[in-house]
2 protein chains.
Amino acid sequence: MDQNTDDVRRKRPSDRDLDAMDRKLLGVLVEDATTSYAELGERVGLSPPAAHERVKRLRRSGAIRRVAALVDPDILGKTLLAFVHVDTTGWGKTPALLAVEEYPEVEEIHSVAGDTCMLLKVRTESTHALEGLLARLYDTPGVKATRSYVVLSTYLERPVQPGTTSEWPTLVKGHE
Amino acid sequence: MDQNTDDVRRKRPSDRDLDAMDRKLLGVLVEDATTSYAELGERVGLSPPAAHERVKRLRRSGAIRRVAALVDPDILGKTLLAFVHVDTTGWGKTPALLAVEEYPEVEEIHSVAGDTCMLLKVRTESTHALEGLLARLYDTPGVKATRSYVVLSTYLERPVQPGTTSEWPTLVKGHE
DNA sequence: TCTTGTTGCCGAATGTAATTCTGCAATTAT
DNA sequence: ATAATTGCAGAATTACATTCGGCAACAAGA
């Protein structure tokens with residue numbers, strides 16, 4: 001990745017900035033990253049090479065981290081989704097706890113503010129496997145308690161979306 | 001998507017079954033779906049057209065739901081990730097609550113078992129935007145309380161992984 | 001205000017990869 | 001034993017990705 005560092009005085013968008021066209025491109029690509037550059041260009045109002053160049057820049061800048069196939073967990077046999085709150089004695093974000101990354105059942109590991117310390121999103125093929133993962137967590141020094149929220153059903157599950165909401169309706173109403 | 005329904009008497013793997021080769025292909029594609037079929041075939045031990053055909057079947061069967069560009073939330077300006085537990089009076093999974101899907105800040109909506117009813121994963125550009133979203137939630141009939149777990153930092157965040165753990169170490173030790 | 005430099009676009013051209021097709025071997029069913 | 005089906009590899013064809021050159025617009029400097 002080449003670093004452009006002599007552009008700091010310009011007013012033009014640098015690699016760090018995203019303009020409206022970039023966001024439109026991202027909007028298409030988070031939905032379907034197999035879209036051809038012909039189709040992509042047509043949808044955002046660019047020629048294919050121009051779209052190609054912008055996407056290249058978005059990848060280079062890291063705005064697009066990567067392109068991944070999203071798989072159906074049910075077909076993969078991973079039918080049990082749960083969010084696990086992990087309470088720890090002292091600082092919880094230790095290498096020993098983070099080592100659960102090695103298990104493909106673990107999808108997310110966050111440290112959070114509040115009455116819990118770490119929050120994991122895990123997906124297993126059975127309650128037995130969930131139990132095994134929880135046992136593994138308790139085997140970790142510092143872990144004193146876990147609370148699991150087993151998902152009954154999922155209505156929405158999508159990656160980071162490029163759009164933001166410019167005006168929250170209720171806040172506006174509140175000011176009336 | 002064409003439906004093959006006259007294969008029910010065969011013992012051969014149907015569209016619903018995944019063999020070891022399929023899982024290897026998926027293992028590569030969840031990491032990088034821009035991998036060429038030449039590279040993909042080489043990594044799993046198939047020719048490019050054979051790899052292509054299997055991937056086509058994986059897409060048709062829904063094992064691969066879609067291919068998406070995963071974007072960097074920080075670059076998109078969405079620096080505040082939070083998990084919101086939503087308590088409701090009565091049944092919480094109502095169309096009114098599910099309607100928050102319209103906001104791109106909402107990435108996940110689950111109904112869960114336990115002391116909370118719904119669990120949302122949301123990502124906003126500011127605490128102010130999070131407040132706006134929470135206000136919108138409270139504006140929804142049936143919502144009586146929310147608890148937000150603001151993420152301080154993320155150590156791991158990846159989509160569904162195709163692998164599973166065949167043997168949980170601690171459970172095995174427990175039987176000794 | 002003029003000149004220079006930079007950036008991003010488009011169309012054309014080239015290179016690469018995707019996709020299809022054919023033939024064959026293995027497996028399954030009759 | 002025979003027929004049908006499936007999945008593979010290699011070759012060929014098609015489609016798309018990528019590069020290049022030229023141009024216009026914009027920004028910076030004199």
Side-chain angles (χ1 to χ4, degrees), chain A residues 1-69 75, chain B residues 1-69 75:
Chain A
M1 185 185 308
D2 50 339
Q3 198 76 358
N4 186 349
T5 55
D6 59 350
D7 195 41
V8 297
R9 288 174 298 136
R10 292 170 95 54
K11 285 186 185 303
R12 283 191 178 188
S14 70
D15 275 347
R16 291 290 294 177
D17 297 340
L18 300 177
D19 61 16
M21 187 68 77
D22 290 328
R23 290 180 188 273
K24 283 173 73 177
L25 288 164
L26 291 174
V28 175
L29 294 175
V30 299
E31 292 307 317
D32 185 5
T34 65
T35 307
S36 68
Y37 287 107
E39 168 74 19
L40 184 61
E42 189 171 335
R43 292 182 63 176
V44 304
L46 288 176
S47 70
H52 178 269
E53 196 172 318
R54 277 182 174 266
V55 172
K56 207 158 95 177
R57 283 208 302 270
L58 288 170
R59 291 179 67 97
R60 187 168 67 231
S61 71
I64 293 177
R65 274 185 173 165
R66 64 193 176 91
V67 175
I75 296 184
Chain B
M1 185 184 305
D2 52 338
Q3 197 76 1
N4 184 353
T5 55
D6 59 352
D7 194 41
V8 296
R9 289 175 297 132
R10 293 170 95 55
K11 284 187 189 300
R12 283 195 177 185
S14 72
D15 274 346
R16 290 290 295 176
D17 296 341
L18 301 175
D19 60 18
M21 186 68 77
D22 290 329
R23 289 181 190 272
K24 283 173 73 177
L25 288 165
L26 290 174
V28 175
L29 294 176
V30 298
E31 291 307 317
D32 184 5
T34 64
T35 307
S36 68
Y37 287 107
E39 169 74 19
L40 184 61
E42 188 172 334
R43 290 181 64 176
V44 304
L46 288 176
S47 69
H52 179 268
E53 195 171 320
R54 277 183 174 265
V55 172
K56 204 157 96 179
R57 283 208 301 271
L58 289 169
R59 291 178 68 95
R60 187 168 65 235
S61 71
I64 293 178
R65 273 183 173 166
R66 64 194 175 90
V67 175
I75 297 184

Picking from [options], which would you name as closest to the side chain of [X]?
X     : options               : answer
B:L46 : C:dC9, C:dT19, D:dC8  : D:dC8
B:R54 : D:dG7, D:dT18, C:dT20 : D:dG7
B:S47 : D:dA9, C:dA12, C:dT19 : D:dA9

Rounded to whole Å, how long is the line connecting atom [atom1] of [X] with atom [atom2] of [N]?
X     : N      : atom1 : atom2 : result
B:H52 : C:dA18 : NE2   : C1'   : 6 Å
A:L25 : C:dG8  : CG    : C1'   : 13 Å
A:R60 : C:dT7  : CZ    : P     : 11 Å
A:E53 : D:dC23 : CD    : P     : 18 Å
A:L40 : D:dA17 : CG    : P     : 9 Å
B:R59 : C:dA18 : CZ    : P     : 12 Å
B:Y37 : D:dC16 : OH    : P     : 13 Å
A:E39 : D:dA15 : CD    : P     : 16 Å

Full working for side chain to side chain contact (heavy atoms under 4.5 Å, CB included) between A:Y37 and A:L46: CA-CA 9 Å; A:Y37 287 107; A:L46 288 176; over 6 Å; no
With a 6.0 Å cut-off (strictly less than), is the heavy-atom count around CD of A:E39, excluding the residue itself, greater than 12? yes
B:E42 atom CD, over 12 foreign heavy atoms within 6.0 Å: no
Determine: side-chain N/O of B:R57 to OP1/OP2 of D:dT6, distance under 4.0 Å, yes or no. no
Closer than 4.0 Å, any side-chain N/O of B:K56 to the OP1 or OP2 of C:dA18? no
Atom pair CZ/CG of B:R54 and B:L18 - distance to nearest 0.5 Å: 10.0 Å
Within the structure shown, what part of the strands sits under 4.0 Å from A:S36 by heavy-atom distance: base, sugar-phosphate, or nothing? sugar-phosphate
If you define the side chain from C-beta out and look only at heavy atoms, does anything of A:V67 sit under 4.5 Å from A:R59? yes
